[in-house]
Amino acid sequence: MAEENRLEQDRKAKVARWRAEGKEPYPWSFPDRSPTERVREACRTLKPGEEAPPAPPVRVAGRLMAVRQHGRTAFADLEDLSGSLQLLLRVDELGEGPYNGWLADLDPGDIIGAEGTPIVSRRGEPSLLVRSLTLLAKAVRPPPEKFHGLQDVEERLRRRYVDLLSSSEARARFRTRTLLVREIRRYFDDAGFLEVETPVLTSVAGGAAAAPFVTRSNYLDAELRLRISIELPLKRLLVGGLERVYELSKAFRNEDLDSIHSPEFTEFEAYWAYADYHDMRHLMEGLFERLAHRTLELCPGDSVVEAAAKRFLPPFPTVDFVDALEERSGIPDLLSKSREELRELARAVGSTVPDNSSNGTFLDKLFEHYVEPTFDRVTFVVDYPAATTPLAKRHRSKPGRVERFEVFHPGFELANAYTELNDPDEQEARFRSQLGERGDDRYAFDEDYVSALGYGLPPCTGVGFGVDRVLMGLLGIPSIKEVILFPLIRSR
RNA sequence: GGGCCCGUAGCUCAGCUCGGUAGAGCAGGCGGCUCUUAACCGCAAGGUCAGGGGUUCGAAUCCCCUCGGGCCCGCCA
């Protein structure tokens, strides 16, 4: 750290010198600024060495990334969100004193503004022939090395801003994320859904089996839990008559963190009255197709993204949960097996889940082992055994099954949907049997939700998916931390 | 919870096997250069080798512990 101080001291000395000369190193604004893209465009009609005809000067602003000094000429690279632009500084244009002053005072990392004329260098590089410069914010800390950038994974996550400022690829990735999230909203808006906001702070965290984060309200003098899903409040809204609703925001699970799980993640859920899981499947297929096309549009020429996004284009393979499992494992009549038999089968494939786990858990483990590894693109798995799913409606024609589909991506689960259970008595019975089965606090009994169903939940379908995982899939990024701007990391 | 790997200058990395005064490039300082783009050339400077303990005449290097991170497995949706 002593050395960092030396480097910072050099830069702070420049700030002090600047102030001593009566100049402001952190001015308030830089009006009439154009993206550097405009200069690159203006240069397209120019020949190497040619300067644009006299016109009002262009003003650009961004971060100074590099300076190549050549005696009485200097080149500098300025980056803004639209890209990189070379600045051409000449004694002839700036005058001897200012020219030398600027080169002495500027460092890579500084935020500067420049005003000048588009010009193409003799070597053909689109540039701005600078008439005047403005320091907009002095960087007293040096940026990472210009060629390799910030490589250390931990540093990239802890100080994402440094990752972003030194890597246009990182900026592009997160910009793409935002545009794809916007596309998800647009798709459901266009389909007539209302975006709503329901509480993150709740007294009962329900709708999924996961450990919640627990916190306190001083005013209420009560324990609160951060939500683990958005399912139950959204279905209450269908009871209230909102018919089509979705929410896209954070959910929290107090569980392990790995390449596909983040304790704080972005959840999307939608509920649709008077429709069933077949309708939802069509809706989701349309969403994936649209997102795939948008992704390809946003990342042209990126072969990793191209291969990844194409897995989200139809046709989507469909797999019947039970048929596929029986076929792959060679085990017949799985639905009539006893819990003991299923447990032994699960043990045989290496599962170590507790003995008192449900039939559904053992079936899930078998599916995970025999069927999931065979997926090589986005695949719909349909008609789950009833034992695996507490909130879904029983299948209208297949006994022992529920009307549910899950969407799988090679390597992880993407989405989960069903025709929703709307019978209040059956819902109450299933909540109770879950409590008895697991006997821990991972399942909450939401009495008010059962009461809401008592007022009449229209027949409906719902879906939920992890937005971060969909983005991982579309962009071909193997770690969830690389699609989250500031992933949770242990404090230092 | 189990296993493997990583932490050296602001940044990117050598050095660790086989213990002997801590190295390079970039960035920063000084000097030179009017078309470079990882600019180039010369000079000088820059270190709590993640932290602590041990072995040793001597530890970045060998051993133990701790902290932080990554990957795999398990568990968890």
Side-chain angles (χ1 to χ4, degrees), chain A residues 1-14 48-49 64-78 84-94 99 104 106-109 119-127 129 139-159 162-163 165-166 207-211 228-229 251 253-263 265 267 350-354 357 360-361 364-365 368 388-389 406 412-416 438 440 442-443 464-466 469 478-479 481-482 487 489-492:
Chain A
M1 288 302 127
E3 273 324 287
E4 183 183 293
N5 287 339
R6 181 180 61 81
L7 288 162
E8 281 193 45
Q9 277 162 16
D10 284 342
R11 286 165 176 250
K12 284 179 175 167
K14 293 179 185 179
L64 184 65
M65 300 304 287
V67 180
R68 295 176 294 281
Q69 200 179 339
H70 256 277
R72 297 164 69 76
T73 291
F75 300 92
D77 295 331
L78 183 78
S84 184
L85 178 69
Q86 176 167 277
L87 303 181
L88 177 47
L89 312 182
R90 283 205 297 235
V91 171
D92 307 348
E93 300 293 335
L94 295 169
Y99 174 86
L106 290 180
D107 291 297
I119 187 171
V120 174
S121 75
R122 281 176 224 160
R123 296 290 177 89
E125 179 76 19
S127 308
L129 179 59
V140 296
R141 295 175 65 94
E145 196 229 9
K146 62 188 167 193
F147 188 60
H148 298 92
L150 193 61
Q151 295 295 317
D152 186 276
V153 175
E154 182 179 348
E155 288 303 317
R156 290 214 332 270
L157 302 181
R158 283 190 196 281
R159 296 191 297 180
V162 180
D163 182 27
L165 75 85
S166 64
I228 56 175
S229 90
R253 295 186 182 179
N254 204 342
E255 310 273 1
D256 286 359
L257 191 161
D258 61 33
S259 61
I260 56 171
H261 294 90
S262 173
F265 63 104
E267 170 83 348
S351 168
T352 58
V353 292
S357 301
T361 301
D364 273 337
K365 288 291 151 195
E368 231 169 74
T388 62
T389 317
E406 281 210 283
F412 48 87
E413 180 199 325
L414 270 186
N416 188 15
R438 298 298 288 260
D440 60 27
R442 301 176 63 79
Y443 293 90
F465 61 85
R469 285 194 185 176
S479 166
K481 289 177 192 144
E482 294 301 349
I489 192 164
R490 204 181 297 271
S491 63
R492 203 142 41 178

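Everything quoted here is computed from the prediction, not taken from an experiment.
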**Student:** Quick check for you: among C76(B), G68(B), G28(B), whose closest atom lies nearest to any side-chain atom of Leu7(A)?
**Tutor:**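 Selected nucleotide: G28(B).
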**Student:** Using the P atoms only, state how far G23(B) lies from A45(B), rounded to an integer number of Å.
**Tutor:**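 Here A45(B) and G23(B) have their P atoms 12 Å from each other.
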**Student:** Given U37(B), C75(B), C11(B), which nucleotide is nearest the side-chain atoms of Asp258(A)?
**Tutor:**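 Taking heavy atoms from C-beta onward, the closest nucleotide is C75(B).
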**Student:** Would one find a side-chain N or O of Arg11(A) under 4.0 angstrom from OP1 or OP2 of G28(B)?
**Tutor:** no
**Student:** Any base atoms under 4.0 Å from Gly109(A), or only sugar-phosphate, or nothing? Heavy atoms, all strands.
**Tutor:** nothing
**Student:** Using a cut-off of 4.0 Å on non-hydrogen atoms, how would the nucleic acid contact of Val91(A) be classed: base, sugar-phosphate, or nothing?
**Tutor:**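 Here Val91(A) touches no strand at all.
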**Student:** What distance, rounded to whole Å, do you find between the two P atoms, one in G51(B) and one in G10(B)?
**Tutor:** 13 Å
**Student:** Mind checking if Asp364(A) touches a base, just sugar-phosphate, or nothing, with heavy atoms under 4.0 Å?
**Tutor:** nothing
**Student:** What distance, rounded to whole Å, do you find between the two C1' atoms, one in A9(B) and one in G29(B)?
**Tutor:**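 My reading of the C1' atoms in A9(B) and G29(B) gives 15 Å.
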**Student:** Looking only at atom P, what distance separates C67(B) and U55(B), rounded to whole Å?
**Tutor:** 23 Å
**Student:** Would you mind pulling out the nucleotide paired to G42(B), Watson-Crick or G-U wobble, both distances under 3.5 Å?
**Tutor:**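 C30(B) - that is the nucleotide pairing with G42(B), both distances being under 3.5 Å.
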**Student:** Does OP1 or OP2 of C75(B) have a side-chain N or O of Ser351(A) closer than 4.0 Å?
**Tutor:**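 Ser351(A) to C75(B) OP1/OP2: side-chain N or O found under 4.0 Å.
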**Student:** Within the structure shown, what part of the strands sits under 4.0 Å from Glu155(A) by heavy-atom distance: base, sugar-phosphate, or nothing?
**Tutor:** nothing
**Student:** What does Thr352(A) touch in the nucleic acid at a heavy-atom separation under 4.0 angstrom: a base, only the sugar-phosphate, or nothing?
**Tutor:** sugar-phosphate
**Student:** Does G20(B) have a Watson-Crick or wobble partner in any strand here, with both distances under 3.5 angstrom, and which is it?
**Tutor:**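 Per the H-bond distance test, C57(B).
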**Student:** Measure the shortest side-chain to side-chain distance between Pro143(A) and Ser166(A) over non-hydrogen atoms and say whether it is less than 4.5 angstrom.
**Tutor:**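 Answer no - side chains too far apart.
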**Student:** Between G20(B) and A27(B), how far apart are the two C1' atoms, rounded to whole Å?
**Tutor:**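 Taking atom C1' in both G20(B) and A27(B), they lie 33 Å apart.
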**Student:** Name the nucleic acid region contacted by Asp107(A), choosing base, sugar-phosphate or nothing; use a 4.0 angstrom heavy-atom cut-off, strictly under.
**Tutor:** sugar-phosphate
**Student:** Quick one, Asp77(A) and Arg68(A) - any side-chain contact, counting heavy atoms below 4.5 Å?
**Tutor:** yes
**Student:** Does C4(B) pair with anything, Watson-Crick or G-U wobble, both distances under 3.5 Å, and if so, with which nucleotide?
**Tutor:**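 Checking every strand shown, C4(B) finds its partner in G70(B), with both distances under 3.5 Å.
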**Student:** Does OP1 or OP2 of G28(B) have a side-chain N or O of Lys12(A) closer than 4.0 Å?
**Tutor:** no
**Student:** If you look at every strand shown and take non-hydrogen atoms under 4.0 Å, does Gln86(A) touch a base, only sugar-phosphate, or nothing?
**Tutor:** base
**Student:** Contact class for Glu267(A) vs. all strands (heavy atom < 4.0 Å): base, sugar-phosphate, or nothing?
**Tutor:**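 If one applies the 4.0 Å heavy-atom cut-off, Glu267(A) turns out to touch nothing in the nucleic acid.
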**Student:** Could you work out the separation of C75(B) and A38(B) based on their C1' atoms and round it to a whole Å?
**Tutor:**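 47 Å, rounded to whole Å.
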**Student:** What distance, rounded to whole Å, do you find between the two P atoms, one in C35(B) and one in A44(B)?
**Tutor:**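 Those two atoms are separated by 28 Å.
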**Student:** Does a nitrogen or oxygen in the side chain of Lys481(A) sit under 4.0 Å from OP1 or OP2 of G70(B)?
**Tutor:** yes
**Student:** Rounding to the closest angstrom, what is the interatomic distance between G68(B) and C57(B) at atom C1'?
**Tutor:** 35 Å
